[in-house]
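We use all heavy atoms of the structure for the numbers below, so side chains are in, but hydrogens, waters and symmetry mates are not.
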Amino acid sequence: MTTLETPRLILRRWREEDVAPMTAVNADPEVMRWIRDGGVRDEQQTRGGIQAWESEWESQGFGLFAVEIRSTGELAGFTGLSVPHFLPEVLPAVEVGWRLGRSHWGQGLATEAARAAVRFGFEERGLERIVSIAQVGNDASERIMTKLGMRPARETVSPAHGRRVRVYELSSDQYVTTTR
(Lines give C-alpha, C1' and ligand atoms only; values in the text may rest on other atoms or scores of the structure.)
Protein backbone atom coordinates (compact mmCIF):
# COMPACT_ATOMS: atom_id res chain seq x y z
CA MET A 1 0.00 0.00 0.00
CA THR A 2 1.55 3.24 -1.14
CA THR A 3 1.26 6.15 1.29
CA LEU A 4 2.87 9.57 0.87
CA GLU A 5 3.20 12.17 3.59
CA THR A 6 3.65 15.91 3.31
CA PRO A 7 3.86 18.43 6.14
CA ARG A 8 0.05 18.75 6.33
CA LEU A 9 -1.30 15.75 4.41
CA ILE A 10 -1.39 11.99 4.14
CA LEU A 11 -1.95 10.64 0.63
CA ARG A 12 -3.19 7.08 0.86
CA ARG A 13 -5.32 4.42 -0.78
CA TRP A 14 -9.09 4.50 -0.45
CA ARG A 15 -11.20 3.05 2.39
CA GLU A 16 -14.93 2.39 2.69
CA GLU A 17 -15.28 5.27 5.15
CA ASP A 18 -14.05 7.68 2.44
CA VAL A 19 -17.18 7.19 0.31
CA ALA A 20 -19.46 9.55 2.30
CA PRO A 21 -17.04 12.50 2.56
CA MET A 22 -16.00 12.12 -1.09
CA THR A 23 -19.67 12.02 -2.07
CA ALA A 24 -20.11 15.35 -0.25
CA VAL A 25 -17.21 16.84 -2.26
CA ASN A 26 -18.69 15.50 -5.53
CA ALA A 27 -22.17 16.82 -4.66
CA ASP A 28 -21.00 20.44 -4.43
CA PRO A 29 -21.81 22.26 -7.70
CA GLU A 30 -19.02 24.78 -7.13
CA VAL A 31 -16.42 22.00 -6.74
CA MET A 32 -17.72 20.21 -9.83
CA ARG A 33 -18.05 23.34 -11.98
CA TRP A 34 -14.85 22.62 -13.92
CA ILE A 35 -15.12 18.81 -13.96
CA ARG A 36 -16.27 17.30 -17.26
CA ASP A 37 -19.78 18.68 -17.98
CA GLY A 38 -20.04 20.38 -14.58
CA GLY A 39 -22.56 17.90 -13.19
CA VAL A 40 -22.49 16.71 -9.59
CA ARG A 41 -22.13 13.06 -8.62
CA ASP A 42 -24.13 10.99 -6.16
CA GLU A 43 -22.98 8.23 -3.80
CA GLN A 44 -23.28 5.47 -6.38
CA GLN A 45 -21.23 7.44 -8.93
CA THR A 46 -18.66 8.34 -6.27
CA ARG A 47 -18.37 4.71 -5.16
CA GLY A 48 -17.89 3.67 -8.81
CA GLY A 49 -15.19 6.31 -9.23
CA ILE A 50 -13.31 5.11 -6.17
CA GLN A 51 -13.51 1.53 -7.41
CA ALA A 52 -12.13 2.63 -10.80
CA TRP A 53 -9.30 4.56 -9.11
CA GLU A 54 -8.39 1.52 -7.04
CA SER A 55 -8.44 -0.66 -10.18
CA GLU A 56 -6.01 1.73 -11.84
CA TRP A 57 -3.64 1.26 -8.90
CA GLU A 58 -3.74 -2.48 -9.52
CA SER A 59 -3.29 -2.27 -13.30
CA GLN A 60 -0.93 0.74 -13.63
CA GLY A 61 0.97 0.89 -10.36
CA PHE A 62 -0.32 4.41 -9.72
CA GLY A 63 -3.66 6.07 -9.18
CA LEU A 64 -5.59 8.70 -7.30
CA PHE A 65 -4.81 9.04 -3.60
CA ALA A 66 -7.31 9.89 -0.90
CA VAL A 67 -6.04 13.15 0.63
CA GLU A 68 -6.31 13.19 4.40
CA ILE A 69 -5.59 16.18 6.64
CA ARG A 70 -2.88 15.01 9.05
CA SER A 71 -4.02 17.08 12.02
CA THR A 72 -7.70 16.00 11.91
CA GLY A 73 -7.92 12.78 9.86
CA GLU A 74 -10.54 14.48 7.67
CA LEU A 75 -10.79 13.47 4.01
CA ALA A 76 -10.17 16.60 1.92
CA GLY A 77 -10.57 15.00 -1.52
CA PHE A 78 -8.10 13.42 -3.91
CA THR A 79 -4.93 13.94 -5.86
CA GLY A 80 -2.78 11.61 -7.89
CA LEU A 81 -2.00 10.13 -11.25
CA SER A 82 -4.29 8.65 -13.88
CA VAL A 83 -4.40 7.96 -17.60
CA PRO A 84 -6.53 10.69 -19.25
CA HIS A 85 -8.58 8.43 -21.53
CA PHE A 86 -11.14 11.24 -21.92
CA LEU A 87 -8.64 13.16 -24.11
CA PRO A 88 -7.21 10.58 -26.54
CA GLU A 89 -5.09 13.09 -28.47
CA VAL A 90 -2.63 13.40 -25.54
CA LEU A 91 -2.15 9.66 -25.12
CA PRO A 92 0.06 7.99 -24.17
CA ALA A 93 0.16 10.16 -21.06
CA VAL A 94 -0.25 10.20 -17.32
CA GLU A 95 -2.13 13.11 -15.77
CA VAL A 96 -1.77 14.63 -12.33
CA GLY A 97 -5.13 15.79 -11.02
CA TRP A 98 -6.84 16.91 -7.83
CA ARG A 99 -10.23 17.66 -6.36
CA LEU A 100 -10.65 19.07 -2.88
CA GLY A 101 -13.73 20.08 -0.94
CA ARG A 102 -14.39 23.80 -0.91
CA SER A 103 -13.48 24.15 2.79
CA HIS A 104 -9.92 23.17 1.82
CA TRP A 105 -9.47 25.69 -0.99
CA GLY A 106 -7.06 28.63 -0.79
CA GLN A 107 -4.65 27.00 1.66
CA GLY A 108 -2.10 25.56 -0.77
CA LEU A 109 -3.24 22.00 -0.03
CA ALA A 110 -3.92 21.07 -3.67
CA THR A 111 -0.43 22.27 -4.66
CA GLU A 112 1.16 20.42 -1.73
CA ALA A 113 -0.68 17.20 -2.59
CA ALA A 114 -0.09 17.45 -6.35
CA ARG A 115 3.61 18.17 -5.81
CA ALA A 116 3.89 14.92 -3.82
CA ALA A 117 2.05 13.02 -6.57
CA VAL A 118 4.35 14.44 -9.26
CA ARG A 119 7.41 13.50 -7.21
CA PHE A 120 5.98 9.98 -6.80
CA GLY A 121 5.38 9.71 -10.56
CA PHE A 122 8.86 10.75 -11.56
CA GLU A 123 10.94 9.37 -8.69
CA GLU A 124 9.05 6.20 -7.75
CA ARG A 125 7.37 5.20 -11.01
CA GLY A 126 9.97 6.47 -13.48
CA LEU A 127 7.52 8.40 -15.66
CA GLU A 128 9.00 10.41 -18.52
CA ARG A 129 6.23 13.02 -18.73
CA ILE A 130 3.25 14.12 -16.67
CA VAL A 131 0.43 16.26 -18.01
CA SER A 132 -2.37 18.14 -16.33
CA ILE A 133 -5.60 19.20 -18.02
CA ALA A 134 -7.89 22.06 -17.04
CA GLN A 135 -10.93 23.58 -18.65
CA VAL A 136 -10.29 27.05 -20.04
CA GLY A 137 -11.35 29.49 -17.34
CA ASN A 138 -10.27 27.30 -14.41
CA ASP A 139 -7.59 29.76 -13.37
CA ALA A 140 -7.07 28.20 -9.92
CA SER A 141 -6.03 24.86 -11.44
CA GLU A 142 -3.80 26.56 -13.99
CA ARG A 143 -2.03 28.40 -11.15
CA ILE A 144 -1.35 25.06 -9.46
CA MET A 145 0.01 23.63 -12.71
CA THR A 146 2.39 26.58 -13.00
CA LYS A 147 3.51 26.14 -9.37
CA LEU A 148 4.32 22.52 -10.22
CA GLY A 149 6.69 23.75 -12.95
CA MET A 150 4.38 22.71 -15.77
CA ARG A 151 4.12 24.66 -19.02
CA PRO A 152 1.18 25.02 -21.42
CA ALA A 153 1.48 22.51 -24.26
CA ARG A 154 -1.79 22.86 -26.19
CA GLU A 155 -5.39 23.99 -26.14
CA THR A 156 -8.10 21.75 -27.56
CA VAL A 157 -11.68 20.60 -27.10
CA SER A 158 -12.49 17.58 -24.97
CA PRO A 159 -14.55 15.12 -27.02
CA ALA A 160 -16.14 13.83 -23.80
CA HIS A 161 -18.01 17.08 -23.04
CA GLY A 162 -17.20 19.61 -25.79
CA ARG A 163 -15.51 22.09 -23.46
CA ARG A 164 -12.20 23.80 -24.26
CA VAL A 165 -9.26 22.53 -22.23
CA ARG A 166 -5.62 23.47 -21.78
CA VAL A 167 -3.00 20.77 -21.45
CA TYR A 168 0.09 21.50 -19.39
CA GLU A 169 3.10 19.21 -19.24
CA LEU A 170 6.30 18.55 -17.37
CA SER A 171 9.04 16.19 -18.53
CA SER A 172 11.22 14.21 -16.18
CA ASP A 173 14.22 16.28 -17.35
CA GLN A 174 12.42 19.54 -16.52
CA TYR A 175 11.38 18.08 -13.16
CA VAL A 176 14.99 17.21 -12.26
CA THR A 177 16.11 20.71 -13.22
CA THR A 178 13.39 22.43 -11.15
CA THR A 179 13.93 20.31 -8.02
CA ARG A 180 17.69 20.87 -7.70
Side-chain angles (χ1 to χ4, degrees), residues 1-14 31 33-36 49-50 52-68 76-100 104-180:
M1 295 290 266
T2 301
T3 301
L4 306 179
E5 295 190 19
T6 72
R8 299 181 291 170
L9 305 169
I10 297 171
L11 282 60
R12 58 167 173 76
R13 301 283 293 272
W14 293 88
V31 170
R33 176 180 177 199
W34 300 109
I35 310 299
R36 299 194 183 172
I50 290 171
W53 303 335
E54 281 296 300
S55 292
E56 194 162 40
W57 273 104
E58 300 308 318
S59 65
Q60 301 289 335
F62 56 77
L64 297 177
F65 292 97
V67 175
E68 181 181 308
F78 72 70
T79 193
L81 305 170
S82 64
V83 176
H85 296 289
F86 68 93
L87 194 61
E89 70 186 73
V90 301
L91 298 176
V94 174
E95 177 187 21
V96 62
W98 49 86
R99 182 181 313 152
L100 300 182
H104 301 289
W105 291 1
Q107 302 168 47
L109 296 174
T111 302
E112 184 176 324
R115 190 170 280 132
V118 166
R119 182 173 47 252
F120 172 76
F122 286 129
E123 296 180 12
E124 302 295 322
R125 293 299 181 253
L127 298 176
E128 292 295 318
R129 176 179 76 120
I130 297 176
V131 302
S132 195
I133 303 162
Q135 289 186 19
V136 172
N138 186 350
D139 298 334
S141 282
E142 289 194 57
R143 281 192 297 275
I144 293 168
M145 294 170 190
T146 301
K147 289 176 186 176
L148 296 174
M150 302 183 112
R151 301 287 181 254
R154 71 172 74 186
E155 190 171 310
T156 188
V157 173
S158 171
H161 49 69
R163 291 183 171 186
R164 294 203 64 73
V165 296
R166 283 198 187 102
V167 180
Y168 282 65
E169 66 181 10
L170 181 65
S171 71
S172 59
D173 290 343
Q174 291 166 325
Y175 170 77
V176 168
T177 302
T178 61
T179 56
R180 286 187 185 187

Step by step, would you call R13 with E56 a salt bridge (charged side-chain N to carboxylate O under 4.0 Å, His left out)? CA-CA 11 Å; R13 301 283 293 272; E56 194 162 40; over 6 Å; no
Could you give me the CA-CA distance, side-chain angles and deciding distance for S132 and E95, then say whether side chain to side chain donor-acceptor pair (under 3.5 Å) is met? CA-CA 5 Å; S132 195; E95 177 187 21; 4.6 Å; no
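One finds the NZ atom of K147 at 4.5 Å from the OG1 atom of T111 (value rounded to the nearest 0.5 Å). Note that CZ of R154 is 9.5 Å distant from CD1 of I133, once rounded to the nearest 0.5 Å. Rounding to the nearest 0.5 angstrom, the gap separating the OG atom in S171 from the CD atom in E128 is 8.5 Å. Atom CZ of F78 is separated from atom CH2 of W53 by 4.5 Å, given to the nearest 0.5 angstrom. Distance check: E68 CD to E5 CD gives 9.5 Å after rounding to the nearest 0.5 Å. Distance check, rounded to the nearest 0.5 Å: OG1 of T79 to CG of L100 gives 7.5 Å.
For E54, the CD atom counts as densely surrounded, since its 6.0 Å shell holds more than 12 non-hydrogen atoms of other residues, nucleotides or ligands. Within a 6.0 Å sphere centred on CZ of R164, heavy atoms belonging to other residues, nucleotides or ligands number more than 12.
Between R8 and Q107 there is a side-chain heavy-atom pair separated by less than 4.5 Å. Using a 4.5 Å heavy-atom cutoff, the side chains of M145 and R151 are not in contact. Taking 4.5 Å as the limit, every side-chain heavy atom of S172 sits out of range of all side-chain heavy atoms of L127. You'll find the side chain of P84 reaches within 4.5 Å of the side chain of L91, heavy atoms only. Side-chain contact between F62 and E124: absent, with no pair of heavy atoms (C-beta onward) separated by less than 4.5 Å. Between L9 and E112, some side-chain heavy-atom pair lies under the 4.5 Å cut-off. Using a 4.5 Å heavy-atom cutoff, the side chains of M150 and I130 are in contact.
If you check the side chains of E89 and T156, you find a donor sitting under 3.5 Å from an acceptor.
Between F65 and W98, the gap from one ring centroid to the other reaches at least 6.0 Å.
Counting only distance, with no hydrogens or angles, the side chain of R129 and the backbone of V94 share no donor-acceptor pair below 3.5 Å. Under a 3.5 Å cut-off, the side chain of W14 and the backbone N or O of L64 do form a donor-acceptor pair.
For T146, the side-chain contact (heavy atoms from CB on, under 4.5 Å) criterion is met by Y168, not counting sequence neighbours. Under the rule for a side-chain hydrogen bond (donor to acceptor under 3.5 Å, both in side chains), R119 has no partner lying at least two apart in sequence or in another chain. By the side-chain hydrogen bond (donor to acceptor under 3.5 Å, both in side chains) test, S158 is found to be paired with H161, residues two or more places apart in sequence or in another chain being considered.
Here the shortest heavy-atom pairing between I144 and A110 reads CD1-CB, 3.6 Å.
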